[in-house]
Amino acid sequence: MITVRFAPSPTGNLHIGGARTALFNYLFAKHTGGKFILRIEDTDKERSKKEYEENIFASLKWLGMHHDELYRQSERMHIYKDYASKLAKSENTYKCFCTREELDKKRQLFEKMKRSYKYDGTCRKLSRAKGDKLKESGKPFVVRFKMPEEGETIINDLVRGKITFDNKELDDIILERTDGVPTYNFCVVIDDALMKITHIIRGEDHISNTPRQIQLYKALGFELPEFAHIPLILGSDKTRLSKRAGAAAVTEYEDDGYIPEAVINFLALLGCSYSPTEEIFPLGELIKRFNLPHVNKSAAIFDFTKLDYLNGYYIRQKTEAEIAALVRPFLIKAGITPGEELLLKVVKLEKGRLKKLTDILDSKYFFKEVKEYDTAGFEKYFKDPVKIALLEIYRKEAEGVSFEATNLEVFTKSFAEKNGKKLGELVHPVRLALTGKLISPGLFEVMETLGKELCLKRLEAVISLK
RNA sequence: GUCCCUAUAGACUAAGGGUUAGGUCACCACCCUUUCAAGGUGGCUGUAGGGGUUCGAAUCCCCUUAGGGACGCCA
């Protein structure tokens, strides 16, 4: 059975790049009828936090990715211990008594000499007896893995093909810290093997870890899984995704008014294609079409305009009731508690115009008094007493009109004609008076939704500016 | 610095030896129209550069350049 895993460390909120890695794993699992495992890699006690773990759960849930199994590495320490002692017995590891300070010094020295740093193997050369003696003396130590010093390690990557590393480049990685807690490279290998992960799909940033891990597989006698390293996402400045350029937490996208359908579709498109001619694919369709060979090798740049487009598209696919429910929390956050009936009417008008759910705040005027007017619009329409006078007549005549959109349109058009004006000469100032803005949904629909009373009142407010 | 990876328009991608290099977003124009969207029609931009291999190269090879990643008692 095909089994994949997403293995985040709870040292921060789930960000968009992590979500994409999760998505590719999820799509692959579901496409093949396989299993999607979520594994929390919380071996770094200092930085791992429960709140981040919860953020990861919430984000995945929001995106609609459900895991089949859940593990936490912090609950599996005894397993790693077993394998550590197994490796020690087979002489694949050694105790290293070099202190952090000593190592730092060496690193700095290498840097000064413009040479690449690699652990020099000081303690690898230590005799067993000497090592045991040092241990008994109470000197703290870490456990290192003896990397092969010759030959090469080859990754047969499902995305990139063959990647070759000279074993000389591999240094003796630390398996156990001074406090006995195992490190990432050790835990992943054991977990992936024990959880029978068949395909490791992860970011390109892990390529250089892979040969080290392959050596561990070999030393532990585990069967190798398949590897697929997916390209990273770059920010709009072509450098590593930074917060400014899009690397926000998934939950921040939610707060910004994006909907999961759009985020999923957008992320799936970065670094992968599903059709030569189409790009709109909901999750179910992505699952049907996903395939590792379709994943491409180059890093993709995060582009908000496309996300916005997709978000608008998916919003338009929803029913008005659904949109109302989605948009309501954003209004409430802005201090507006909309009545259901009015909200539904507003959504009907705004539906085709929303890119983000937060855009609903552009139509605050349905729920709140208009207190200020667009400055340019004010100059253009409200400064001239002649124009105001026209509005005054319009207002007066509107009193006797039934406020349905079609009816208002007929009335306004004939009013304009009667007064020798173009329709626009009326529509724009009226819009400004009713909404405070130069831009809104169709004016007559807006008027109908606002109702006669409010419309007349707002027109009056402008007339009295005179 | 060392090792590794990558390179099709402003962005995401298709074509994996033979296509007028296709699609999507963005952009521009027009249509629709009371504004903005949405929708419709049309258009603009591209194989990083240089060498090879080949009858033929975006595609295969080499070099250059550019970008990214890794080099932690982080994951």
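Here is the naming used below: chain letters follow the sequence lines, and residue numbers restart at 1 for every chain.
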Listing time: all N or O pairs from protein to nucleotides 40-45 of chain B that are below 3.5 Å?
none

Do A:D44 and A:R47 sit within salt-bridge range, that is, some charged N less than 4.0 Å from a carboxylate O? yes
Return yes if the base of B:C5 and the side-chain atoms of A:R160 contain a donor-acceptor N/O pair under 3.5 Å, otherwise no. no
Using OP1 and OP2 only, check whether a side-chain N or O of A:N296 sits under 4.0 Å from B:A14. yes
Counting the atoms with a prime plus P, OP1 and OP2 as sugar-phosphate, which does A:T43 contact under 4.0 Å by heavy atoms, base, sugar-phosphate, or nothing? sugar-phosphate
Under 4.0 Å protein heavy-atom contacts per nucleotide of nucleotides 22-29 of chain B, with B for base, S for backbone only and - for none: BBBS----
Below 4.0 angstrom from OP1 or OP2 of B:A75, is there any side-chain N or O of A:T11? no
Let's go through A:F302 and A:L234 carefully: what are the C-alpha distance in whole Å and the side-chain angles of both, what is the deciding distance for side chain to side chain contact (heavy atoms under 4.5 Å, CB included) to 0.1 Å, and is it a yes or a no? CA-CA 6 Å; A:F302 191 101; A:L234 269 35; over 6 Å; no
Go nucleotide by nucleotide along RNA chain B from the 5' end; which of A:R353 and A:Y184 gets its closest nucleotide reached first? A:R353
Checking contacts here: which listed nucleotide (B:C73, B:U35, B:A38) is nearest the side-chain heavy atoms of A:R431? B:U35
With sugar-phosphate meaning primed atoms plus P, OP1 and OP2, does A:T164 contact a base, only sugar-phosphate, or nothing at under 4.0 Å between heavy atoms? sugar-phosphate
I want to check one thing: is the phosphate of B:C73, taken as OP1 and OP2, less than 4.0 Å away from some side-chain N or O of A:R107? yes
Can a side chain N or O of A:R316 be found less than 4.0 Å away from OP1 or OP2 on B:G39? yes
Applying the Watson-Crick and G-U wobble criteria at under 3.5 Å, what pairs with B:C73? Answer none if nothing qualifies. none
Does a side-chain N-to-carboxylate-O contact under 4.0 Å join A:E350 and A:R353? yes
Taking any heavy-atom pair under 4.0 Å as a contact, classify A:G271: base, sugar-phosphate, or nothing. sugar-phosphate
Kindly give the atom pairs (protein nitrogen or oxygen, nucleotide nitrogen or oxygen) under 3.5 Å for nucleotides 61-67 of chain B.
none

Less than 6.0 angstrom separating the ring centers of A:H294 and A:Y274, yes or no? no
